[in-house]
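Note on naming: letters A, B, ... go to the chains in the order of the sequence lines (proteins, then strands), and numbering restarts at 1 for each one.
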Amino acid sequence: MLDIKLIREKPDFVVERLSSRGAKDARAVIDKIIDFDKKRREFAVKCDNFKSEVNRWAKEIGKLKAQGKDVTDLTARSKELGGMITELDTLVATHSAQLEEAMLLVPNLPHESVPIGKDSAGNSEVRRWGEAPKFEFSPKAHWDIGEQLGILDFARAAKISGSGFILYKGAGARLERALINWLLDLHTREHGFTEVFPPFLINRNAMIGTGQLPKFEEDMYRLRDEDMYLAPTAEVPVANIHREEILREDQLPIYYCAYTPCFRREAGAAGKQTRGMIRVHQFDKVELIKFVKPETSYDELEKMTVNAERVLQLLGLHYRVVLLCTGDVGFASAKTYDIEVWAPGQNAYLEVSSCSNCEDFQARRANIRFKGADGKNRFVHILNGSGTALARLYVAVLETYQQADGSVKIPEVLLPYMGGLKEIRPS
RNA sequence: GGAGAGGUGGCUGAGUGGUUGAAAGCGACGGUCUUGAAAACCGUUAGAUGCGCAAGCGUCUCGGGGGUUCGAAUCCCUCCCUCUCCGCCA
């Protein structure tokens, strides 16, 4: 959520920044918000004045009654005021609700360092690591590799759930588990993150806190009998750990990492390439989340991105880092780096990480603050980054480490996690 | 799921309708004293929001929401959460 004061004081700036994201109706939305805000305050001032008067009478009545005096006139006056207060309270409430509703739908403002652009074509590559591997043979796609090795079974996954789900088997299941464990170990042992294992079912308030709701309801899996959602990313439960809290300054920065499965309906993705495990309804992910002081958040974003890149470097996978342009950054983010790994069987880069600085956008929604040295409470900045998403990482591993005979070598760093298995061959 | 007991400031814990936004203790911060520290003593110590150039003033908040009343932390309704017992279950 944006700061209403910023909107009041610099509406043109806000409209300009929102428009840079491609919001066509930014002017109208901001005008509407300013109007709600203004009216709400006008009603609230009137209402507060009446309340003040009623409070004064109430105290007076108390005193007089204690003295045994007659208070009929005063109670009559108070009742009269009470009626007006009820009326004004209703007006304040409806305007507040409308304001809130509008505010929750406004995305974050892109940071000044973000390139202006309309869509992903406007993104800029910041760096590249390694090279696309060369093969003596024509590299296969992971769905062929996986099915021939008997480690991935899309048909049976569909039987259980539907399309867009994965059944890992044997060494394939082991590989998924190895990746999860290795990622958690890497980030906790070498990058200073504290491991957490959060709930996967999320209530409405938490979903609002990180920005999934109310705008992206259709993207989420929702329970039928309770007002709960399946976590679309660990960012949601983990960023909400400190909801409604005031942290001590010396607690910051806080680094958390968490493994969770991620559930996404991918509504609207029909027609896009859906073969294999590149776009699925359930995938595993190890997520990095930071709570930091505002003045450090952009340094922290760089560090977090480097931490995520390390995953690919250690696995020996070629990748590039892309800075998203204004038209492509996510709803809650002010600045985002995507990391895209090379998948030889696809002859394409696949997004496996998205590292974002949400600044105080989520902290405002979730009301997460810290008490500064001056005693003032300020909103923390919240960052999140995939470290990394598994299904696509798995694709890159299979396709990069495939051999001419159809087997797949296990990357060096995963060997301790694979129980002695050095390569996966058809069983 | 059933029955019961609870949810008060950073913490412990008073408070069953009238200057209670809230006693007291602890903790924290500042000061006095001290070479320094401790002890002792004195003082300060929630958040949000609005009006105002400011000083300051007002409103709201005792789990959330609603109600009764001139007036609610205190009474009523409802929801959430915690604890105990029973049931069920991994």
When you measure from the side chain of [X] to the backbone N and O of [Y], does any donor-acceptor pair fall under 3.5 Å?
| X | Y | result |
| --- | --- | --- |
| A:Asn240 | A:Arg243 | no |
| A:Thr400 | A:Val397 | no |
| A:Thr326 | A:Gly117 | yes |
| A:Glu340 | A:Glu351 | no |
| A:Thr210 | A:Val236 | no |
| A:Asp360 | A:Ala363 | no |

Could you tell me which nucleotide pairs with [N] by Watson-Crick or G-U wobble geometry, both distances under 3.5 Å, or answer none if nothing does?
| N | result |
| --- | --- |
| B:rU20 | none |
| B:rG36 | none |
| B:rG6 | B:rC81 |
| B:rG87 | none |
| B:rA72 | none |
| B:rG58 | B:rU49 |
| B:rG43 | B:rC29 |
| B:rA14 | none |

Can you confirm whether the side chains of [X] and [Y] place a donor and an acceptor under 3.5 Å from each other?
| X | Y | result |
| --- | --- | --- |
| A:Lys303 | A:Tyr298 | no |
| A:Ser297 | A:Asn357 | yes |
| A:His142 | A:Glu399 | yes |
| A:His191 | A:Arg310 | yes |

Tell me what [X] touches on the nucleic acid: a base, only sugar-phosphate, or nothing, going by heavy atoms under 4.0 Å.
| X | answer |
| --- | --- |
| A:Ile61 | base |
| A:Arg364 | nothing |
| A:Thr75 | base |

Name every residue in residues 37-59 of chain A that has at least one heavy atom under 4.0 Å from any atom of RNA chain B, in order of residue number, or write none if there are no such residues.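 Of all residues in residues 37-59 of chain A, the ones placing a heavy atom under 4.0 Å from RNA chain B are A:Arg41, A:Val45, A:Asp48, A:Lys51, A:Ser52, A:Asn55, A:Ala58.
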
Residues touching RNA chain B, which here means a heavy atom under 4.0 Å, drawn from residues 234-250 of chain A: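 Close to the strand, none.
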
Range on RNA chain B touched by chain A, heavy atoms, distance below 4.0 Å: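 On RNA chain B, the outermost contacted nucleotides are B:rG18 to B:rG71.
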
Taking only the [atom1] atom of each, what is the distance from [N] to [M] in whole angstrom?
| N | M | atom1 | value |
| --- | --- | --- | --- |
| B:rC11 | B:rA28 | P | 15 Å |
| B:rG7 | B:rU12 | C1' | 15 Å |
| B:rG13 | B:rA23 | C1' | 10 Å |
| B:rG58 | B:rG67 | C1' | 25 Å |
| B:rA37 | B:rU32 | P | 11 Å |
| B:rU16 | B:rC41 | P | 31 Å |
| B:rU74 | B:rU68 | P | 15 Å |
| B:rC33 | B:rA40 | C1' | 9 Å |

Tell me which pairs pass ring pair (Phe, Tyr, Trp, His ring centres under 6.0 Å) where either residue lies in residues 58-90 of chain A, with sequence neighbours left out.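 Found none.
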
Can you list every pair that meets ring pair (Phe, Tyr, Trp, His ring centres under 6.0 Å) and has a residue in residues 145-179 of chain A, with sequence neighbours left out?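 Qualifying pairs: A:Phe165-A:His281, A:Tyr168-A:Tyr394.
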
For A:Lys376 and A:Ala76, find the nucleotide of RNA chain B closest to each by heavy atoms; which residue's nucleotide sits nearer the 5' end?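 Final value for this comparison: A:Lys376.
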
Could you check A:Ile4 against A:Lys79 and say which one's nearest nucleotide on RNA chain B is further toward the 5' end?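 Comparing both residues, the 5'-ward one is A:Ile4.
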
With a cut-off of 3.5 Å and sequence neighbours excluded, list every side-chain donor-acceptor pair involving residues 407-415 of chain A.
| residue | atom | partner | partner atom | Å |
| --- | --- | --- | --- | --- |
| A:Ser407 | OG | A:Gln403 | NE2 | 3.0 |
| A:Ser407 | OG | A:Asp405 | OD1 | 2.7 |

